[in-house]
Amino acid sequence: MCGIVGIVGKSNVNQALYDALTVLQHRGQDAAGIVTSHDGRLFLRKDNGLVRDVFHQRHMQRLVGHMGIGHVRYPTAGSSTSAEAQPFYVNSPYGITLAHNGNLTNVEQLAKEIYESDLRHVNTNSDSEVLLNVFAHELAQRGKLQPTEEDVFAAVTDVHNRCVGGYAVVAMVTGYGIVGFRDPHGIRPIVFGQRHTDEGVEYMIASESVSLDVLGFTLIRDLAPGEAVYITEDGKLHTRQCATNPYLTPCIFEHVYLARPDSIIDGVSVYKARLRMGEKLADKILRERPDHDIDVVIPIPDTSRTAALELANHLGVKFREGFVKNRYIGRTFIMPGQAARKKSVRQKLNAIELEFRGKNVMLVDDSIVRGTTCKQIIQMAREAGAKNVYFCSAAPAVRYPNVYGIDMPSAHELIAHNRSTQDVADLIGADWLIYQDLPDLIEAVGGGKIKIDKFDCAVFDGQYVTGDVDEAYLNKIEQARNDASKVKTQAVSAIIDLYNN
């Protein structure tokens with residue numbers, strides 16, 4: 001996951017972009033970048049690190065212009081050097097910068113086409129740079145000295161025809177405007193909104209609605225799958241459906257873990273979805289163990305708190321905060337190595353012994369991926385004096401890797417892959433483990449204003465909505481994602497080197 005933002009304002013947008021990225025920091029803590037446009041020139045700052053560490057006063061002063069885009073990244077299957085930080089830039093045509101959240105599943109084919117047919121050079125391992133070059137090439141094909149909205153939308157249409165996977169994009173065409181677009185399946189989220197100032201109307205595009213809220217923008221709506229929005233430098237907004245067969249299949253894991261609870265995605269309140277997850281879990285517990293002996297429900301901060309609170313209310317059991325979180329430690333899900341994840345859990349959480357001593361404790365987490373974190377937390381609960389430690393996951397068992405922009409581990413690193421619930425319970429040391437059922441999760445999330453008939457649930461059921469993911473592809477990404485091999489040359493790098501040499 002990554003966070004993207006684009007703003008067309010009436011005055012300098014550097015501070016607004018910075019503030020938006022801090023709100024989206026939960027989507028990526030590995031790198032950050034902002035690029036602005038002023039008088040036909042670009043001003044760029046990007047580097048590894050948190051937003052607050054990448055941008056100092058001297059950098060902000062140089063980011064002049066009333067139009068710009070920004071990005072926060074977490075490391076995916078490629079390397080995590082500063083060369084991978086976004087936004088990316090190409091000088092032809094016009095000078096285009098791009099920031100991207102997602103993953104292209106046909107990136108090797110595209111890298112070959114870019115070199116052999118489009119005659120363009122790709123300089124990093126990032127599929128985002130590949131996507132940028134595809135968009136730039138298609139826009140150049142229009143052959144216009146000054147691009148119109150028709151040219152921009154035609155280029156996005158061609159991107160959809162060539163690119164496969166999950167992607168939400170903001171791109172800035174220097175001196176002309178900012179375009180945002182979403183893949184034809186709507187896998188990754190993207191919204192846009194507006195705010196009124198004394199100088200006129202300003203527009204913002206972002207990954208989540210919460211970033212609009214914090215900056216005083218009013219949410220207009222989510223981009224539909226395959227749709228593009230183009231905001232010209234002088235503040236005119238245009239939208240267009242650019243895909244021939246769009247079908248909304250958003251990633252359900254956004255609601256489980258990735259998004260902030262105060263966001264609304266495709267008309268669904270993330271907060272309310274998580275409340276419903278808690279209700280569904282409570283119903284399952286009452287079905288399986290109507291005479292349960294749970295004394296207290298304790299969430300594992302922070303993502304699971306909403307579901308845990310509703311679960312406790314539904315069961316009529318006490319809800320207590322049993323862990324204190326050190327907020328200066330990053331999210332363990334997105335840390336690049338197993339050793340770092342193991343070390344960070346004890347640094348991140350500390351148990352309040354009073355809430356555990358002599359009690360049957362139900363711990364609630366949003367999901368179980370590798371099992372590393374929950375195993376240590378269960379041990380911490382026992383050390384704090386818990387009599388029995390039960391564990392509850394607001395999501396079903398994660399059995400398959402994600403290929404659309406979430407850097408989940410390879411299949412063999414997923415603790416639930418080819419294992420039963422009891423096997424997982426034994427491995428993490430829980431006296432009882434209960435997972436959310438997938439139909440219940442779908443029902444919990446699918447209760448928003450917009451009817452969503454289908455979600456991307458691939459991490460749970462192995463059904464990849466783009467239809468191009470086979471065993472060979474999964475084996476390839478397993479090689480790239482294996483923690484032991486992340487220091488090696490990646491698949492994208494290899495194919496680019498092959499055709500560039």
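- Counted by atom type alone, His412 and Glu478 present one or more donor-acceptor pairs between their side chains at under 3.5 Å.
- A side-chain donor-acceptor contact under 3.5 Å links His160 and Tyr167.
- Taking the side-chain hydrogen bond (donor to acceptor under 3.5 Å, both in side chains) definition, one finds that Ser420 meets it with Asp423, sequence neighbours left out.
- Summarising the geometry, atom CG belonging to Leu17 is positioned 8.0 Å from atom CE belonging to Met60; distances are rounded to the nearest 0.5 Å.
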**Report entry** Residues Arg73, Asn101; criterion side chain to side chain donor-acceptor pair (under 3.5 Å); working and verdict
**Finding:** CA-CA 8 Å; Arg73 181 199 71 182; Asn101 173 33; over 6 Å; no
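- Nearest heavy atom pair, residue Ser393 against residue Ile368, reads OG-N, 4.0 Å.
- Rounding to the nearest 0.5 angstrom, the gap separating the CD atom in Glu355 from the CZ atom in Phe319 is 10.5 Å.
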Report task. Let me see the working for Leu363 and Ile377 under side-chain contact (heavy atoms from CB on, under 4.5 Å), right down to the final yes or no. Result -> CA-CA 9 Å; Leu363 301 180; Ile377 290 172; 3.9 Å; yes
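- Side-chain N/O atoms of Ser128 and Gln86 include a donor and acceptor closer than 3.5 Å.
- Side chains of Val5 and Ile69 form no contact here, defined as non-hydrogen atoms less than 4.5 Å apart.
- Taking both residues in full, the closest heavy atoms of Ala416 and Val398 are given as CB-O, 3.6 Å, listed atom of the first, atom of the second, then distance.
- In this structure, the side chains of Ile294 and Leu315 come closer than 4.5 Å at one or more pairs of heavy atoms.
- The two residues Asn402 and Ile477 come nearest to each other via the heavy atoms O-CD1, 4.5 Å.
- Listed for the Lys325 side chain is no donor-acceptor partner under 3.5 Å among the backbone atoms of Lys348.
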Report task. Apply the test salt bridge (Lys or Arg N to Asp or Glu O under 4.0 Å) to residues Glu471 and Lys476: give CA-CA distance (whole Å), side-chain angles for both, the deciding distance (0.1 Å), then the verdict. Result -> CA-CA 9 Å; Glu471 196 65 32; Lys476 189 176 296 183; over 6 Å; no
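- Checked by atom type and distance alone, the side chain of Thr466 never pairs as donor or acceptor with a backbone atom of Val164 at under 3.5 Å.
- Residue pairs meeting the side chain to side chain donor-acceptor pair (under 3.5 Å) criterion with at least one member in residues 310-319, sequence neighbours excluded, are Asp283-His314.
- Side chains of Arg399 and Asn418: a donor-acceptor N/O pair is absent below 3.5 angstrom, by distance only.
- Between Arg188 and Leu258, the shortest heavy-atom distance links the atoms NH2-CD1, 3.9 Å.
- Checked by atom type and distance alone, the side chain of Gln29 never pairs as donor or acceptor with a backbone atom of Ala31 at under 3.5 Å.
- Not one N or O on the side chain of Thr249 forms a donor-acceptor pair closer than 3.5 Å with the backbone of Lys454.
- Between Lys280 and Glu443 a salt bridge is recorded (basic side-chain N to carboxylate O distance below 4.0 Å).
- To the nearest 0.5 Å, the span separating CE on Met277 from CG on Asp440 amounts to 11.5 Å.
- Checked for salt-bridge contact, Asp266 and Arg182 meet the test: a charged N lies under 4.0 Å from a carboxylate O.
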Query - Audit row: Val403, Leu474, side-chain contact (heavy atoms from CB on, under 4.5 Å) steps and yes/no - result: CA-CA 8 Å; Val403 300; Leu474 293 176; 4.0 Å; yes
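- Between Leu349 and Pro301, some side-chain heavy-atom pair lies under the 4.5 Å cut-off.
- Arg382 and Asp431 are joined by a salt bridge, as a carboxylate oxygen and a charged side-chain nitrogen come within less than 4.0 angstrom of each other.
- Annotation for Tyr473: atom OH counts as buried by contact number, over 12 foreign heavy atoms lying within 6.0 Å.
- For the pair Phe88/Ser126, a side-chain contact is recorded, criterion being any heavy-atom separation below 4.5 Å from C-beta on.
- Electrostatic pairing of Asp437 and Lys284 counts as a salt bridge here, judged by a charged N lying under 4.0 Å from a carboxylate O.
- Paired with Ser263 under the rule side chain to side chain donor-acceptor pair (under 3.5 Å), one option of Glu254, Glu208, His255 passes, and it is Glu208.
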Query - Full working for side-chain contact (heavy atoms from CB on, under 4.5 Å) between Ile34 and Thr36 - result: CA-CA 7 Å; Ile34 290 175; Thr36 59; 4.1 Å; yes
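- In this structure, the ring of Phe356 has its center less than 6.0 angstrom from the ring center of Phe323.
- Considering every non-hydrogen atom in both Asp222 and Gly267, the closest pair reads OD1-N, 3.7 Å.
- Residues Val465 and Tyr404 meet the side-chain proximity criterion, which asks for heavy atoms closer than 4.5 Å.
- Here the closest heavy-atom approach between residue Lys272 and residue Ser269 is recorded as N-OG, 3.1 Å.
- In this structure, Asp47 contributes its side chain and Val54 its backbone to no donor-acceptor pair below 3.5 Å.
- No donor-acceptor distance shorter than 3.5 angstrom exists from the side chain of Asp456 to the backbone of Ile187, with no hydrogens or angles considered.
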Requested in this report: With side-chain contact (heavy atoms from CB on, under 4.5 Å) as the test, would you mind laying out the steps for Arg195 and Leu215 before giving the verdict?
Outcome: CA-CA 9 Å; Arg195 70 180 178 187; Leu215 272 72; 4.2 Å; yes
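- Using modelled atom types and a 3.5 Å distance limit, the side chains of Ser410 and Glu413 yield a donor-acceptor pair.
- Note on ring orientation: taking the six-membered ring where Trp is involved, the planes of Phe460 and Phe253 are tilted (angle from 30° to 60°).
- The closest side-chain heavy-atom distance from Cys457 to Ile442 is below 4.5 Å.
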Requested in this report: Could you check Thr105 against Asp468 for side chain to side chain donor-acceptor pair (under 3.5 Å), going step by step and ending with a plain yes or no?
Outcome: CA-CA 8 Å; Thr105 52; Asp468 64 327; 2.6 Å; yes
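- Take Arg357 and apply the salt bridge (Lys or Arg N to Asp or Glu O under 4.0 Å) test, not counting sequence neighbours, and it matches Glu353.
- Judged purely by atom type and a 3.5 angstrom limit, Tyr74 uses its side chain to pair as donor or acceptor with the backbone of Met1.
- Here the side chain of Asp127 pairs a donor or acceptor atom with the backbone of Leu104 at under 3.5 angstrom.
- Distance alone, capped at 3.5 Å, places no donor-acceptor pair between the Glu279 side chain and the Arg276 backbone.
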**Report entry** Worked verdict on Tyr257 versus Ser304 for side chain to side chain donor-acceptor pair (under 3.5 Å)
**Finding:** CA-CA 8 Å; Tyr257 174 81; Ser304 65; over 6 Å; no
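- At least one donor-acceptor pair closer than 3.5 Å links the side chain of Gln436 to the backbone N or O of Ala394.
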